[in-house]
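The structure that follows is given in the form of structure tokens.
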Amino acid sequence: MDGLELLKTFREVALRGSFSRAANSLGMSKANASKYVALLETRFGVRLLNRSTRSVSLTDAGHLLLERSKPLLEMIERTESELQGHAGHPRGRLRVTAPHGLGQSSFAGLIGEFMITYPDVHVSLHLSNRVIDLVEEGVDVALRLGRIRDENVIVRRLRLMDLALCATPAYWARRGMPKKPDDMRRHDVLTYSLAGGGPQLPFEVDGQPYSVPVTSRMDANDAAPLVGVALAGLGAVCVPMIMAQTHIERGALVPVLREFMPRDLWLYAAYSQRRHNSAALRALLDFLEARVRDPEPVS
């Protein structure tokens with residue numbers, strides 16, 4: 001039997017001076033209330049209550065236990081109440097990780113809106129392109145871009161991501177506009193750093209993945225500097241549309257080969273399997289799903 005439950009029963013009997021009244025208060029039988037106190041006495045090896053047919057009174061040991069256990073039980077009950085509040089009302093700290101590229105998009109504004117909507121939630125945002133172990137590093141949710149491969153996390157798809165292969169109008173005028181994926185073999189491309197293998201561009205031909213080896217003029221582990229170099233006219237870059245959209249809308253970058261861009265890349269939220277996820281995490285997931293589910297069309 002849980003020692004905490006025994007202490008709660010003992011306290012109730014001591015305060016009410018009756019096994020019957022204590023049992024009614026706790027929602028248990030009188031027999032169980034008597035049994036729990038007897039178990040506690042056996043555990044400590046002392047008599048805690050003087051029992052008679054009409055009343056119950058504390059022994060000296062019972063007075064000591066009631067006095068010493070009171071702050072402990074009050075602290076536990078306050079904690080239980082606060083935890084139940086966390087379960088029902090979004091509050092507390094959320095540790096979120098996201099790729100650097102999202103920091104260059106409207107994502108930061110969305111986090112701000114979420115914090116306005118839920119003022120009792122504090123967000124710790126860590127930008128990193130590294131795929132981390134959520135449990136080991138104490139992260140509540142990871143926002144990721146790409147194909148979903150990790151089977152050790154729960155995944156909530158937020159939005160199918162469009163890719164944009166683009167360069168400046170001047171670059172395309174100088175080097176020629178590609179008509180098919182293999183035309184990119186003769187272009188300068190600004191690429192992501194790869195752990196192994198040569199630089200490639202991802203395409204989709206007849207519904208199947210199709211990779212084209214390219215010449216990398218520059219590589220980086222983050223898309224933001226690649227976009228900056230592309231704006232300088234030094235090559236073509238393939239990035240999520242959310243990172244290129246404003247540049248495309250103002251004509252600084254021109255997308256090509258849209259019909260060949262992959263259709264299986266997602267922005268998704270990954271979180272670990274837990275029996276009880278906090279109300280704050282559930283609120284963030286629902287908020288992001290509602291706000292980023294439908295991409296705005298790019299003209």
Under the side chain to side chain contact (heavy atoms under 4.5 Å, CB included) criterion, do Tyr118 and Val123 qualify, and how do the steps go? CA-CA 11 Å; Tyr118 299 99; Val123 176; over 6 Å; no
Please examine the side chains of Tyr36 and Lys8, heavy atoms only from C-beta on, and report whether any two atoms are closer than 4.5 Å. no
Rounded to the nearest 0.5 Å, how far does NE2 of His63 lie from CZ of Arg68? 14.0 Å
Just by modelled atom types, is the Pro209 backbone N or O under 3.5 Å from a matching donor or acceptor in the Glu204 side chain? no
When rounded to the nearest 0.5 angstrom, what is the spacing between SG in Cys166 and CE in Met243? 10.0 Å
Is Val13 close to Val56 at the side-chain level, that is, under 4.5 Å between some pair of heavy atoms? yes
Could you grab the distance from atom CG of Leu158 to atom CG of Leu143, nearest 0.5 Å is fine? 6.5 Å
Spell out, as yes or no, whether a donor-acceptor pair under 3.5 Å connects the side chain of Asp219 to the backbone of Tyr192. no
Val96 vs Val139 side-chain heavy atoms within contact, under 4.5 Å: no
CG/Leu201 to SG/Cys238 distance, rounded to the nearest 0.5 angstrom? 6.0 Å
Thr97 side chain to His126 backbone, donor-acceptor under 3.5 Å: yes
Would you say Asp183's side chain and Lys179's backbone share a donor-acceptor pair under 3.5 angstrom? yes
Please give me the minimum heavy-atom distance between Ala283 and Pro90, naming the atom from each residue. CB-CG, 3.9 Å
Is the shortest side-chain heavy-atom distance between Leu163 and Pro240 below 4.5 Å? yes
What one should report as the nearest heavy-atom pair of Leu190 and Leu234 is CD2-O, 4.4 Å
Heavy-atom check, side chain of Leu49 versus side chain of Val37, under 4.5 Å: yes
For residues 217-264, the ring pair (Phe, Tyr, Trp, His ring centres under 6.0 Å) pairs (sequence neighbours left out) are none
Salt bridge or not between Asp162 and Arg263? Use side-chain N to carboxylate O under 4.0 Å. yes
Do Leu58 and Leu48 pass the side chain to side chain contact (heavy atoms under 4.5 Å, CB included) test, and can you show the C-alpha distance, the side-chain angles, and the key distance before you say yes or no? CA-CA 6 Å; Leu58 288 166; Leu48 300 172; 5.8 Å; no
If every non-hydrogen atom of Arg258 is compared with every non-hydrogen atom of Ile248, which pair is closest and at what distance? NH2-CG2, 4.3 Å
Taking the side chain from Asp222 and the backbone from Ala224, do they hold a donor-acceptor pair closer than 3.5 Å? yes
Considering all heavy atoms, the nearest Gly3-Arg43 contact: CA-NH1, 3.4 Å
Test side chain to side chain contact (heavy atoms under 4.5 Å, CB included) on Thr9 and Met28; report intermediate values, then the result. CA-CA 10 Å; Thr9 303; Met28 64 171 61; 3.9 Å; yes
May I ask you to say whether Glu289 pairs ionically with Arg282, meaning some side-chain N is under 4.0 Å from a carboxylate O? no
Check for a donor-acceptor pair, side chain of Arg186 on one end and backbone N or O of Arg175 on the other, with a separation under 3.5 Å. yes
Kindly write out the residues that satisfy ring-ring contact (aromatic ring centres under 6.0 Å, His included) with His187, not counting sequence neighbours, or none if the list is empty. Tyr171, Trp172
Does some side-chain heavy atom of Thr168 sit less than 4.5 Å from a side-chain heavy atom of Val254? no
For a quick test of your reading: what N or O donor-acceptor pairs under 3.5 Å do the side chains of residues 108-116 make, sequence neighbours left out?
{"residue": "Glu113", "atom": "OE1", "partner": "Arg291", "partner atom": "NH1", "Å": "2.2"}
{"residue": "Glu113", "atom": "OE1", "partner": "Arg291", "partner atom": "NH2", "Å": "3.4"}

Is there a chain of hydrophobic side chains (I, L, V, M, F, W, Y, each step under 4.5 Å between heavy atoms) that links Leu4 to Leu26? yes
In terms of side-chain heavy atoms, does Glu249 have a donor or acceptor partner in Gln245 at a distance below 3.5 Å? yes
Test side chain to side chain contact (heavy atoms under 4.5 Å, CB included) applied to Phe10 and Leu66, step by step: CA-CA 8 Å; Phe10 162 74; Leu66 182 62; 4.1 Å; yes
With a 4.0 Å cut-off on N to O distance, would you call Asp286 and Arg156 a salt bridge? yes
Counting only heavy atoms not in Arg174, do more than 12 fall under 6.0 Å of its CZ? yes
Provide the full list of salt bridge (charged side-chain N to carboxylate O under 4.0 Å, His left out) pairs with a residue in residues 10-32, sequence neighbours left out, each pair given once. Arg11-Glu77, Glu12-Arg16
Non-hydrogen side-chain atoms of Ser211 and Phe203 separated by less than 4.5 Å: no
Minimum heavy-atom separation for Ala280 to Leu94, with atom names? O-CD1, 3.5 Å
How long is the gap from CD on Glu5 to CG on Asn32, to the nearest 0.5 Å? 10.0 Å
Under 4.5 Å between side-chain heavy atoms, hopping through other hydrophobics if needed: is there a path connecting Leu165 to Met177? yes
If you look at every heavy atom in Met218 and Pro225, which pair is closest and at what distance? CE-CB, 4.4 Å
Pairwise salt bridge (charged side-chain N to carboxylate O under 4.0 Å, His left out) hits with a residue in residues 230-248, at least two apart: none
By side-chain contact (heavy atoms from CB on, under 4.5 Å), which residues pair with His122, not counting sequence neighbours? Arg93, Ser124
Joint hydrophobic cluster, Leu64 plus Leu72, side-chain heavy atoms closer than 4.5 Å: no
Can you tell me how far the CD atom of Gln200 sits from the OG atom of Ser216, to the nearest 0.5 Å? 12.0 Å
